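Since the structure is predicted, the reported quantities are computational estimates derived from the model, not experimental observations.
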Amino acid sequence: MLLNLNCKYLEKFISFKEYFKIKTKIEQAHNLLHFKNSRLKEYLGWVSLPKNYNKTEFNEILNTAKKIQSDSEVLVVIGIGGSYIGTRAAIEFLKSNFYNNLPKNTPNIYFVGNSISASSLCDVLKLCNNKKISLNVISKSGTTTEPMIAFKIFKEFMEKSYGRKETASRIYCTTGAENSVLKTIATENGYKIFNIPKDIGGRFSVLTAAGLLPISVSGANISKIMKGALFAYNDSLSIKSSENQCYKYAAIRNILYKKSKNIEITAFFEPRFSFLGKWIEQLFGESEGKDLKGIFPTSMIFSTELHSMGQFIQDGSRNIFETILFIDNVGNDIKIENSKNMSSFDFLSGKTMNWVNKKAFEGTVAAHEDGNVPVVILQCENASEETLGYIFYFFEKACAISSLIMGVNPFNQPGVENYKKNMFTLLGKPGYENYKKI
């Protein structure tokens, strides 16, 4: 297994009887995900994706990524929510949160269309000025306001530089069903189209073309990502939580939730993993937060946020639990040498920063255990492509199981639509004149 679940620090919070009691609900959730006649079948394309993904399109993704690498200095990725968070998480996890600033042989990658900030968009336009650009716009429906505004602006920006014909050869649309507005636009203008399967929702789509194309452009090996996801798929097939770390994690979350632990902090000890935390936040928040239920997901980077939120975690209200994802080998390291006039730190001489970081991890776990915070540890050996693919699938499956145990549909998001309808009314969009909720 590429990921190890450590439950040592949960022993005083969860008994064996509680694991046994939740067994039936886990089995029912498993059956809903794996039976072909499941009432949820229209949402379940992601479940077997690591085994059954479209190899022809996958090869086309690899070829397109090479083309973008060869003819572009910048790839602008337009998308919001599941259409960009996982992609950015992957690039920063595998490369660096300073990816665009470091020397490399691949294009800079900028993410837009994830807000309606004119200031932010203008800054990216300045960064793209006089650069060779390609555009990957990602939207399953093509009707989401934020990305479609950005698409319109960048399309016009590129056409002024390249003209319509060459611009068309530099725009790649990743979208969904046949009636997708974006697919219609792409077909009419001759843009290359990649597919988001209709039975895979946005927050479960990082292992589709929605994530794989820009991730591949960054130089990451997406074949290894899919290999890691396949490992996770196989490891999570057992219906028994005692044999299935993914299901056991889902069980732990629900048992703690029934004990009024309704806030989960997913913590990391590397800044470049911060967007992986954001991806986990969306995955669980949008899947579980329904029907007045749900664990509120948040994420933190330690030790950084131990100096801001550490006091609350240690001594504040006891409605929280932690899931710490710790990677043993993150790549680069620095040895700490003796320095003149800094003898008070000589006890660290000869040690490495990664060793010190691991001691911070161990000290944090011990402190929070003393503070009666339930701590779940998910530990990985390295930050490889295989590990990332495993992590993506592990959390997707755990989220679906956890949501079903909780009694909510993991795959819809009715609450997201309310703000959109109110905004359309205020903007005067045709068809929303009589929407009175505001």
Side-chain angles (χ1 to χ4, degrees), residues 1-51 199 201 203-204 229-264 266 280 283-291 293-297 321-323 325 374-379 390-412:
M1 290 186 181
L2 295 176
L3 180 150
N4 181 58
L5 173 65
N6 182 345
C7 302
K8 175 183 176 182
Y9 302 97
L10 295 171
E11 291 173 357
K12 64 182 178 181
F13 298 100
I14 301 176
S15 68
F16 174 78
K17 287 183 179 179
E18 288 172 305
Y19 285 122
F20 185 78
K21 191 176 179 181
I22 206 169
K23 175 185 171 186
T24 301
K25 287 190 175 182
I26 290 174
E27 292 175 353
Q28 291 170 346
H30 172 91
N31 291 337
L32 281 171
L33 295 185
H34 285 278
F35 281 7
K36 289 184 179 180
N37 61 348
S38 168
R39 60 179 170 81
L40 298 173
K41 62 183 178 181
E42 64 183 295
Y43 304 108
L44 300 180
W46 61 273
V47 175
S48 60
L49 183 67
K51 183 176 68 170
D199 55 358
R203 58 188 174 276
F204 291 85
L230 182 60
F231 288 150
Y233 168 82
N234 288 327
D235 286 345
S236 68
L237 284 177
S238 173
I239 203 165
K240 298 178 181 178
S241 62
S242 59
E243 301 172 355
N244 188 328
Q245 294 190 128
C246 179
Y247 289 9
K248 190 168 185 179
Y249 173 58
I252 288 165
R253 297 181 79 255
N254 277 267
I255 294 168
L256 292 173
Y257 178 56
K258 288 187 176 180
K259 296 174 185 284
S260 299
K261 306 296 183 183
N262 55 15
I263 297 175
E264 179 180 21
T266 306
I280 292 169
L283 182 68
F284 281 93
E286 207 167 55
S287 298
E288 286 186 341
K290 295 158 196 167
D291 305 329
K293 298 178 183 178
I295 297 167
F296 184 84
F321 68 98
E322 282 181 305
T323 296
L325 182 58
V375 180
V376 183
I377 298 173
L378 298 170
Q379 202 155 356
Y390 197 104
I391 288 170
F392 277 144
Y393 190 85
F394 176 93
F395 277 102
E396 287 179 351
K397 189 81 173 288
C399 177
I401 293 290
S402 181
S403 301
L404 291 168
I405 293 171
M406 201 173 288
V408 299
N409 180 349
F411 308 117
N412 63 0

Find the distance between [atom1] ([X]) and [atom2] ([Y]) and round it off to the nearest 0.5 Å.
| X | Y | atom1 | atom2 | answer |
| --- | --- | --- | --- | --- |
| L325 | Q379 | CG | CD | 9.5 Å |
| K248 | I26 | NZ | CD1 | 10.0 Å |
| Q28 | I401 | CD | CD1 | 11.0 Å |
| T24 | I405 | OG1 | CD1 | 11.0 Å |
| S403 | L283 | OG | CG | 8.0 Å |
| D235 | L230 | CG | CG | 9.5 Å |

Can you give each donor-acceptor pair under 3.5 Å made by side-chain atoms of residues 8-17, sequence neighbours left out, with the distance rounded to 0.1 Å?
from	atom 1	to	atom 2	distance (Å)
K12	NZ	E369	O	3.2
K12	NZ	N372	OD1	3.0
S15	OG	E18	N	3.3
S15	OG	E18	OE1	3.4

Query raised in the report: side chain to side chain contact (heavy atoms under 4.5 Å, CB included) with K397: which of W46, F204, Y233, F392?
Result: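 Among the candidates, only W46 passes.
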Query raised in the report: Should we count NZ of K293 as having more than 12 external heavy atoms under 6.0 Å?
Result: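 Yes, because the 6.0 Å sphere around NZ of K293 holds more than 12 heavy atoms from other groups.
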Under the ring pair (Phe, Tyr, Trp, His ring centres under 6.0 Å) test, residues paired with [X] that sit two or more places apart:
| X | result |
| --- | --- |
| Y247 | H30 |
| Y43 | F411 |
| F284 | none |

Of all heavy-atom pairs between [X] and [Y], which one has the smallest distance, and what is that distance?
| X | Y | value |
| --- | --- | --- |
| N4 | Q245 | OD1-OE1, 3.5 Å |
| S287 | P410 | OG-O, 3.2 Å |
| M1 | E243 | CE-O, 4.4 Å |
| Y393 | V47 | OH-O, 2.5 Å |
| A398 | Y249 | CB-CD2, 3.7 Å |
| R39 | L32 | NH2-CD1, 3.7 Å |

Report task. Could you pull out all residues at least two apart from F231 that satisfy side-chain contact (heavy atoms from CB on, under 4.5 Å)? Result ->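 Testing F231 for side-chain contact (heavy atoms from CB on, under 4.5 Å), a comparison that skips the adjacent residues, returns L2, K227, Y390.
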Query - Any residue meeting side-chain contact (heavy atoms from CB on, under 4.5 Å) with E27, in chain and number order, not counting sequence neighbours - result: K23, I239
Requested in this report: Determine yes or no for a side-chain-to-main-chain donor-acceptor pair under 3.5 angstrom, with N254 supplying the side chain and S402 the backbone.
Outcome: yes
Query - Sidechain-backbone polar pair: N244 side chain, S238 backbone, donor-acceptor under 3.5 Å - result: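 At least one qualifying donor-acceptor pair exists.
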Determine whether [X] and [Y] make a side-chain contact, defined as any pair of heavy atoms from C-beta on separated by less than 4.5 Å.
| X | Y | result |
| --- | --- | --- |
| L404 | L40 | yes |
| D199 | K41 | no |
| M406 | I295 | yes |
| I252 | Y257 | no |
| T323 | E264 | yes |

Requested in this report: Please determine, by modelled atom types, if N412 and K290 share a side-chain donor-acceptor pair under 3.5 angstrom.
Outcome: yes
Requested in this report: Show the numbers, then the answer: is there a side chain to side chain contact (heavy atoms under 4.5 Å, CB included) between S38 and L33?
Outcome: CA-CA 7 Å; S38 168; L33 295 185; over 6 Å; no
